[in-house]
Peer 1: 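One structure coming up, written as structure tokens, with questions to follow.
Heavy atoms only: backbone and side chains are in, while hydrogens, waters and symmetry mates are out. In this chain, residues are counted from 1 in sequence order.
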Amino acid sequence: HVTPDQAELIQGDKAHLTVDSTYFFGGVVKDAQVEWQVTPNGFGFNYAGGNYNFFDYDDDGSDTVQGQGFTPGRFTPPPSGQGITDDQGKFSIDLPAEALKTNTPQTFTIEARVTDATDQTIAGTADIVVHPGEFALGVTPETYVGASGLPQNVDLLTVGWDSKPHPNTDVNVRVVERVWTSKQVP
């Protein structure tokens with residue numbers, strides 16, 4: 001079994017997990033080889049209160065790959081490691097905050113494989129959800145099509161990851177003008 005101390009974290013928090021290995025008949029698997037690895041997976045925030053967009057993207061040249069949590073050209077392989085179980089068949093995995101960096105919500109799957117003295121291997125996994133901050137910022141327009149010279153109003157919303165309001169939150173807003181042109185080609 002792989003068990004995290006916390007199933008959800010905020011970016012910057014450290015993660016601690018315990019690998020607990022036992023035989024099917026109940027004995028502990030002591031002094032066994034442990035190999036572990038972390039795999040990041042995209043995680044969409046499911047707001048339970050309306051039609052707001054919580055995805056952070058930049059159509060004008062995003063420097064991140066959607067759902068991947070890393071910057072192209074600067075890819076760092078996910079953390080991995082190895083060790084030996086103790087006399088109780090346990091092994092601890094401590095992941096530093098740097099290992100769980102993300103600019104979008106991510107689920108990090110931690111897999112541990114324990115191999116005993118007879119080369120029998122058993123594996124277990126645990127998921128940890130890492131949020132990029134303490135709250136989510138959502139936006140929705142009053143209308144999806146605007147007209148030149150008229151205001152285009154949008155509603156902003158800050159909520160916790162449980163979809164409950166996160167009031168009195170300072171927010172910086174940047175407005176980008178988008179110009180489309182079309183050209184008919186014969």
Peer 1: Is it true that S92 and T18 share a donor-acceptor pair across their side chains at a distance under 3.5 Å?
Peer 2: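 On atom types as modelled, these side chains do not qualify, holding no pair under 3.5 Å.
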
Peer 1: Should L17 and V28 be counted in the same cluster of Ile, Leu, Val, Met, Phe, Trp and Tyr side chains packed under 4.5 Å apart?
Peer 2: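 Different clusters: L17 never reaches V28 through Ile, Leu, Val, Met, Phe, Trp or Tyr contacts under 4.5 Å.
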
Peer 1: Could you tell me whether the side chain of T22 and the main chain of G27 form a donor-acceptor pair under 3.5 Å?
Peer 2: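 Between the backbone of G27 and the side chain of T22 there is no qualifying donor-acceptor contact (under 3.5 Å).
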
Peer 1: Not counting sequence neighbours, which residues clear salt bridge (Lys or Arg N to Asp or Glu O under 4.0 Å) with E35? List them please.
Peer 2: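 Testing E35 for salt bridge (Lys or Arg N to Asp or Glu O under 4.0 Å), a comparison that skips the adjacent residues, returns R113.
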
Peer 1: Among all residues two or more places apart in sequence or in another chain, which pass the side chain to side chain donor-acceptor pair (under 3.5 Å) test with S182?
Peer 2: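 Listed in chain order: nothing, the list is empty.
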
Peer 1: Would you please name every residue forming a salt bridge (Lys or Arg N to Asp or Glu O under 4.0 Å) with D20, sequence neighbours left out?
Peer 2: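 With sequence neighbours excluded, D20 shows a salt bridge (Lys or Arg N to Asp or Glu O under 4.0 Å) to K90, given in chain and number order.
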
Peer 1: Can you list everything that forms a side chain to side chain donor-acceptor pair (under 3.5 Å) with E134? Sequence neighbours excluded, please.
Peer 2: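 Listed in chain order: nothing, the list is empty.
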
Peer 1: Give the intermediate values and the outcome of side chain to side chain contact (heavy atoms under 4.5 Å, CB included) for residues Q82 and Q33.
Peer 2: CA-CA 7 Å; Q82 56 188 347; Q33 179 71 34; 3.3 Å; yes

Peer 1: Let me confirm one number: the CG-CG distance from D31 to D86, rounded to the nearest 0.5 Å.
Peer 2: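 Taking CG in D31 and CG in D86, the distance rounds to 8.5 Å.
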
Peer 1: So, for Y144 and P141, which heavy atoms are closest and what is the spacing to 0.1 Å?
Peer 2: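 Shortest heavy-atom contact: CE2-CG, 3.5 Å.
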
Peer 1: Any side-chain hydrogen bond (donor to acceptor under 3.5 Å, both in side chains) pairs touching residues 2-12, not counting sequence neighbours?
Peer 2: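 For residues 2-12, and leaving out neighbouring residues, the side-chain hydrogen bond (donor to acceptor under 3.5 Å, both in side chains) pairs sorted by first residue read E8-H131.
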
Peer 1: Would you say the side-chain atoms of T85 pair up with the backbone N or O of F91, donor to acceptor, closer than 3.5 Å?
Peer 2: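 No, T85 side chain to F91 backbone: no donor-acceptor pair under 3.5 Å.
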
Peer 1: Measuring from N53:CG to L137:CG, what's the distance to the nearest 0.5 Å?
Peer 2: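 Reported value, rounded in 0.5 Å steps: 10.0 Å.
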
Peer 1: Are the side chain of S21 and the backbone of G89 linked by a donor-acceptor contact shorter than 3.5 Å?
Peer 2: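 A pair under 3.5 Å: yes.
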
Peer 1: Answer yes or no: is there a side-chain heavy-atom contact under 4.5 Å between T125 and V2?
Peer 2: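 Not touching, per the 4.5 Å side-chain cut-off.
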
Peer 1: So do the side chains of L156 and V173 get within less than 4.5 Å of each other, counting heavy atoms only?
Peer 2: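 Result yes, sub-4.5 Å side-chain heavy-atom pair found.
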
Peer 1: Which residues satisfy the side chain to side chain donor-acceptor pair (under 3.5 Å) test with T39, sequence neighbours excluded?
Peer 2: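 Side chain to side chain donor-acceptor pair (under 3.5 Å) check on T39 returns nothing, list empty.
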
Peer 1: With heavy-atom distances below 4.5 Å as the criterion, would you say the side chains of T109 and V38 are in contact?
Peer 2: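 Side-chain contact under 4.5 Å: no.
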
Peer 1: Which residue pairs pass the salt bridge (Lys or Arg N to Asp or Glu O under 4.0 Å) test when at least one of the two sits in residues 142-171, sequence neighbours left out?
Peer 2: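 Non-adjacent pairs meeting salt bridge (Lys or Arg N to Asp or Glu O under 4.0 Å): zero.
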
Peer 1: Please give me the minimum heavy-atom distance between Q106 and P40, naming the atom from each residue.
Peer 2: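 Looking at all heavy atoms of both residues, the closest pair is OE1-CB, 3.7 Å.
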
Peer 1: Counting only heavy atoms not in D87, do more than 12 fall under 6.0 Å of its CG?
Peer 2: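 Counting neighbours around CG of D87, more than 12 heavy atoms of other residues, nucleotides or ligands fall under 6.0 Å, so yes.
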
Peer 1: Is there a side-chain contact between L95 and I110 in this structure, where contact means two heavy atoms from C-beta onward sitting under 4.5 Å apart?
Peer 2: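 Of all side-chain heavy-atom pairs linking I110 with L95, at least one is under 4.5 Å.
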
Peer 1: Please name the pair of heavy atoms, one in S163 and one in N46, separated by the smallest distance, quoted to 0.1 Å.
Peer 2: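 S163 and N46 have their closest heavy atoms at OG-O, 3.8 Å.
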
Peer 1: Test your reading of the model: is there a side-chain donor-acceptor pair from T158 to the backbone of H166, 3.5 Å cut-off?
Peer 2: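 Pair found, side chain donor or acceptor close to backbone of H166.
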
Peer 1: Is there side-chain contact between V34 and I84, with at least one heavy-atom pair below 4.5 Å?
Peer 2: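 Result no, sub-4.5 Å side-chain heavy-atom pair not found.
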
Peer 1: Tell me which one of D116, T121, T115 satisfies side-chain hydrogen bond (donor to acceptor under 3.5 Å, both in side chains) with T118.
Peer 2: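 Considering D116, T121, T115, a side-chain hydrogen bond (donor to acceptor under 3.5 Å, both in side chains) with T118 is found only for D116.
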
Peer 1: For the residue pair E111 and A123, what are the closest heavy atoms and their distance?
Peer 2: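 Closest approach of E111 to A123, heavy atoms only: OE2-CB, 3.9 Å.
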
Peer 1: Within the structure provided, determine whether P78 and Q37 are in side-chain contact (heavy-atom separation under 4.5 Å).
Peer 2: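 Side chain of P78 against side chain of Q37, heavy atoms only: no contact under 4.5 Å found.
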
Peer 1: Does F45 have any ring-ring contact (aromatic ring centres under 6.0 Å, His included) partners at least two apart in sequence or in another chain, and if so, which?
Peer 2: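 For F45, the residues satisfying ring-ring contact (aromatic ring centres under 6.0 Å, His included) (neighbours in sequence not counted) are F54, W161.
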
Peer 1: Measuring from atom CZ of F108 to atom CD1 of I128, what distance do you get when rounded to the nearest 0.5 angstrom?
Peer 2: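 It is 9.0 Å, given to the nearest 0.5 Å.
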
Peer 1: Go through the structure and list residues passing side chain to side chain donor-acceptor pair (under 3.5 Å) with D94, not counting sequence neighbours.
Peer 2: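 D94: side chain to side chain donor-acceptor pair (under 3.5 Å) contacts with H16.
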
Peer 1: Just how far is it from atom CG of L157 to atom CZ of F135, taken to the nearest 0.5 Å?
Peer 2: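 If I round to the nearest 0.5 Å, the distance is 11.0 Å.
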
Peer 1: What's the spacing between D127 CG and T107 OG1 if we round to 0.5 Å?
Peer 2: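 Reported to 0.5 Å precision, the distance equals 6.0 Å.
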
Peer 1: If the condition is side chain to side chain contact (heavy atoms under 4.5 Å, CB included), which residues does F25 pass it with, not counting sequence neighbours?
Peer 2: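 F25 satisfies side chain to side chain contact (heavy atoms under 4.5 Å, CB included) with Y23 once adjacent residues are dropped.
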
Peer 1: Would you please name every residue forming a ring-ring contact (aromatic ring centres under 6.0 Å, His included) with F24, sequence neighbours left out?
Peer 2: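 In terms of ring-ring contact (aromatic ring centres under 6.0 Å, His included), with neighbours along the sequence ignored, F24 is linked to no residue.
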
Peer 1: By ring-ring contact (aromatic ring centres under 6.0 Å, His included), which residues pair with H1, not counting sequence neighbours?
Peer 2: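 Partners of H1 under the ring-ring contact (aromatic ring centres under 6.0 Å, His included) test: none.
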
Peer 1: Please determine whether side chain to side chain contact (heavy atoms under 4.5 Å, CB included) holds for the pair I10 and V130, giving the CA-CA distance in whole Å, both sets of side-chain angles, and the decisive distance to 0.1 Å.
Peer 2: CA-CA 5 Å; I10 302 294; V130 178; over 6 Å; no

